[in-house]
Amino acid sequence: MNTAVTATGVTIRPFSADDYAAITRLYNATFEEFSVLDDEFAFEDHKRPAHCCWARWVAERDGDVIGFGQYTQAEGTYHPRKFQLAIIVEPRHQQNGVGGRLYDVVVEALQQLNPLTADEWSREDMACRVGFLERRGFVADMRQWTSALDLTRFEPGAFESAVAVVEAQGIELKCLAELGTADESVHRNLYELWRELRHDVPIPPDDVRAEVSFETWWARNDRPDLLPDAYFVALDGQRYVGTSQLWRSPEPVELRTGLTGVRRAYRRRGIAQALKLKSLAVGKAEGFARAVTENEINNQGMIGINDRLGFVKRPAYVHYLKSWPA
């Protein structure tokens, strides 16, 4: 769709590269817990494989971008007829029909691709957003907690024995800086570890995992927000058996948890908690004020670790799915 659509004093037009700063601002104002770096949208657009379809539109009023809508497809859960939607409107312009017009434009274009499903996310306390989705036939099918740890009050020394128990088993805990940040053999070992661990990370029930190439995976890891000193790996001899990482956030005082996981054969030995402790100790030592994470609400193993470490739950995020006839 190349023509502009005008409604309620708003012009809806196709996205252009000049709009990246505006959509980043809108996204970060809506999803503070998942705010992105200034180049994140452009990076994802340029790295998205050719078989993953996407399109985006913006809503403009008096020359200002006040909302955007898009459909995309994720390589890691790719299906030719399944899509992710995002409809975001600046809070002070909500409930004026802008989101509805964006949604209509996005879905009209999406129909040309014969979709089976489209999904969206909302925080559970965003009543306006939840109502918007439910009125359009979206149904909740997954929830995840977001949680935060106050690193200024966190005392790693209180958990030293948990690390010692793991090390006494012959498991080494090393950070990426020690292993070799620029060593491709290290990257390959991390990728193979991730390929196994990802199958135990909860995803929405309608999704099915698809293969992701090493090159694509590493491009998303080799970013300025990666912290080699807080990216820990558990090794049994030369074998990589677990990992936990902290990443920089757009919020200067904040760190975000990446994947924490352990190969199935090495579970229930305290390795995941020890890895997480090592990462958090580095974050505290480097002066960060908090670490945040998210967990699917039925993932009791990781939630239990986070509770013991002092993470405090925030409102949950809810995954919504809309289906069309096959």
Side-chain angles (χ1 to χ4, degrees), residues 1-2 12-28 30-31 33-59 65 67-88 102-103 105-121 142 187-188 190-191 194-195 197-199 201-204 206-226 245 247-250 256 258-259 294 317 319-322 324:
M1 180 178 295
N2 295 316
I12 297 176
R13 60 167 175 78
F15 169 85
S16 77
D18 293 336
D19 299 317
Y20 277 119
I23 67 169
T24 299
R25 171 180 56 81
L26 292 169
Y27 181 88
N28 289 350
T30 302
F31 298 126
E33 297 94 332
F34 299 102
S35 58
V36 298
L37 298 170
D38 291 343
D39 69 339
E40 192 75 17
F41 275 98
F43 175 84
E44 290 296 330
D45 289 348
H46 296 149
K47 290 293 183 181
R48 188 176 290 110
H51 67 275
C52 292
C53 299
W54 70 284
R56 183 180 298 126
W57 294 261
V58 299
V65 175
F68 74 94
Q70 66 181 33
Y71 66 77
T72 59
Q73 291 180 308
E75 183 180 15
T77 53
Y78 175 75
H79 182 289
R81 296 176 62 194
K82 295 181 180 181
F83 301 85
Q84 294 79 51
L85 296 191
I87 307 294
I88 293 177
L102 279 166
Y103 176 83
V105 169
V106 172
V107 170
E108 180 183 347
L110 190 59
Q111 292 304 311
Q112 307 306 309
L113 301 175
N114 194 22
L116 286 175
T117 62
D119 66 18
E120 251 279 36
W121 287 87
M142 178 177 169
H187 305 165
R188 292 279 178 178
L190 291 173
Y191 170 66
W194 171 80
R195 289 185 69 214
L197 299 185
R198 71 187 292 241
H199 290 283
V201 177
I203 59 175
D206 189 61
D207 284 349
V208 177
R209 290 180 177 86
E211 279 299 314
V212 176
S213 69
F214 166 76
E215 291 74 18
T216 297
W217 175 83
W218 181 246
R220 290 194 168 94
N221 280 264
D222 188 22
R223 302 269 288 149
D225 49 336
L226 182 147
Q245 317 109 32
W247 301 72
R248 294 185 187 275
S249 162
R256 291 181 177 167
L259 172 65
E294 64 269 355
Y317 269 81
H319 179 265
Y320 287 88
L321 187 73
K322 179 179 175 66
W324 285 274

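Values in this document were obtained by computation on a predicted structure and should not be read as measured data.
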**Q** Look up atom CD in Gln84 and atom CG in Leu321, then write down how far apart they are to the nearest 0.5 Å.
**A** 10.0 Å
**Q** Working to the nearest 0.5 angstrom, can you tell me the gap between Glu33 CD and Ser249 OG?
**A** 11.0 Å
**Q** Quick one: side-chain hydrogen bond (donor to acceptor under 3.5 Å, both in side chains) partners of Arg48, sequence neighbours excluded?
**A**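 By the side-chain hydrogen bond (donor to acceptor under 3.5 Å, both in side chains) rule, Arg48 matches Asp45.
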**Q** Return yes if some donor-acceptor pair links the side-chain N/O of Asn28 with the main-chain N/O of Val36 below 3.5 Å, else return no.
**A** yes
**Q** Can you classify the ring geometry of Phe214 versus Trp217 as parallel (below 30°), tilted (30 to 60°) or perpendicular (above 60°)?
**A** tilted
**Q** Arg223: what forms a side-chain hydrogen bond (donor to acceptor under 3.5 Å, both in side chains) with it, not counting sequence neighbours?
**A** Asp39, Glu40
**Q** Quick one, Tyr191 with Asn221, criterion side chain to side chain contact (heavy atoms under 4.5 Å, CB included). Give me CA distance, side-chain angles, the key distance, then yes/no.
**A** CA-CA 10 Å; Tyr191 170 66; Asn221 280 264; over 6 Å; no
**Q** Tell me every residue that passes side-chain hydrogen bond (donor to acceptor under 3.5 Å, both in side chains) with Arg248, counting only those two or more places apart in sequence or in another chain.
**A** none
**Q** Tell me every residue that passes side-chain contact (heavy atoms from CB on, under 4.5 Å) with Thr216, counting only those two or more places apart in sequence or in another chain.
**A** Glu75, Val212, Ser213, Arg220
**Q** Without swapping roles, check the side chain of Arg198 against the backbone of Arg209 for a donor-acceptor pair under 3.5 Å.
**A** no
**Q** Just so I know, are the side chains of Val201 and Trp194 near enough to count as touching, which here means a heavy-atom distance under 4.5 Å?
**A**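 In short, these two side chains do not touch, never coming nearer than 4.5 Å.
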**Q** Nearest 0.5 Å, what's the OH-CD distance between Tyr320 and Glu120?
**A**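 Separation between the atoms: 10.5 Å.
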**Q** How would you list, by chain and number, every residue that makes a salt bridge (Lys or Arg N to Asp or Glu O under 4.0 Å) with Asp222, sequence neighbours excluded?
**A**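 Testing Asp222 for salt bridge (Lys or Arg N to Asp or Glu O under 4.0 Å), a comparison that skips the adjacent residues, returns none.
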**Q** Quick one: does Trp324's side chain get under 4.5 Å of Arg81's, heavy atoms only?
**A**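 No. Closest side-chain heavy atoms not under 4.5 Å.
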**Q** Got a sec, which residues hit side-chain hydrogen bond (donor to acceptor under 3.5 Å, both in side chains) with Thr77, two or more places apart in sequence or on another chain?
**A** none
**Q** Could you list the residues that satisfy salt bridge (Lys or Arg N to Asp or Glu O under 4.0 Å) with Asp19, not counting sequence neighbours?
**A** Arg13
**Q** Nearest 0.5 Å, please: how far is CD1 in Ile87 from OG1 in Thr30?
**A**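 These two atoms lie 11.5 Å from each other.
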**Q** Can you list the residues that meet the salt bridge (Lys or Arg N to Asp or Glu O under 4.0 Å) rule with Lys322, with sequence neighbours excluded?
**A** none
**Q** How long is the straight-line distance from CD of Glu294 back to OH of Tyr317, given to the nearest 0.5 Å?
**A**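 Nearest 0.5 Å value for the OH-CD distance: 10.0 Å.
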**Q** List the atom of Thr117, the atom of Lys82, and the distance in Å for their closest heavy-atom pair.
**A**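 The pair with the smallest heavy-atom distance is OG1-CG, 3.2 Å.
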**Q** How many angstroms lie between CG in Leu116 and CG in Asp206, if you round to the nearest 0.5 Å?
**A**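 Answer rounded to 0.5 Å: 8.5 Å.
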**Q** How close do Gly69 and Leu102 get, heavy atom to heavy atom, and via which atoms?
**A** N-CD2, 3.8 Å
**Q** State which residues pass side-chain contact (heavy atoms from CB on, under 4.5 Å) with Gln70; sequence neighbours excluded, sorted by chain then number.
**A** Phe41, Arg56, Phe68, Thr72, Ala86
**Q** Test of understanding: with side-chain contact (heavy atoms from CB on, under 4.5 Å), list the residues that count as partners of Pro250, not counting sequence neighbours.
**A**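 side-chain contact (heavy atoms from CB on, under 4.5 Å) list for Pro250, sorted by chain: Ser35, Leu37, Arg256.
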**Q** Checking Arg188 now: which residues fulfil salt bridge (Lys or Arg N to Asp or Glu O under 4.0 Å) with it, not counting sequence neighbours?
**A** Glu184, Glu215
**Q** Is Gln73 reaching over with its side chain to a backbone N or O of His79, donor-acceptor style, under 3.5 angstrom?
**A** yes
**Q** If you look at every heavy atom in Ala22 and Val65, which pair is closest and at what distance?
**A**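 Closest pair (atom of Ala22, atom of Val65, distance): CB-CB, 3.7 Å.
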**Q** Taking side-chain contact (heavy atoms from CB on, under 4.5 Å) as the test, write out the residues that go with Leu113, two or more places apart.
**A** Cys53, Tyr71, Phe83, Leu110
**Q** Testing the basics here: between Trp57 and Ala109, what is the closest heavy-atom pair and its distance to 0.1 Å?
**A** CH2-CB, 3.5 Å
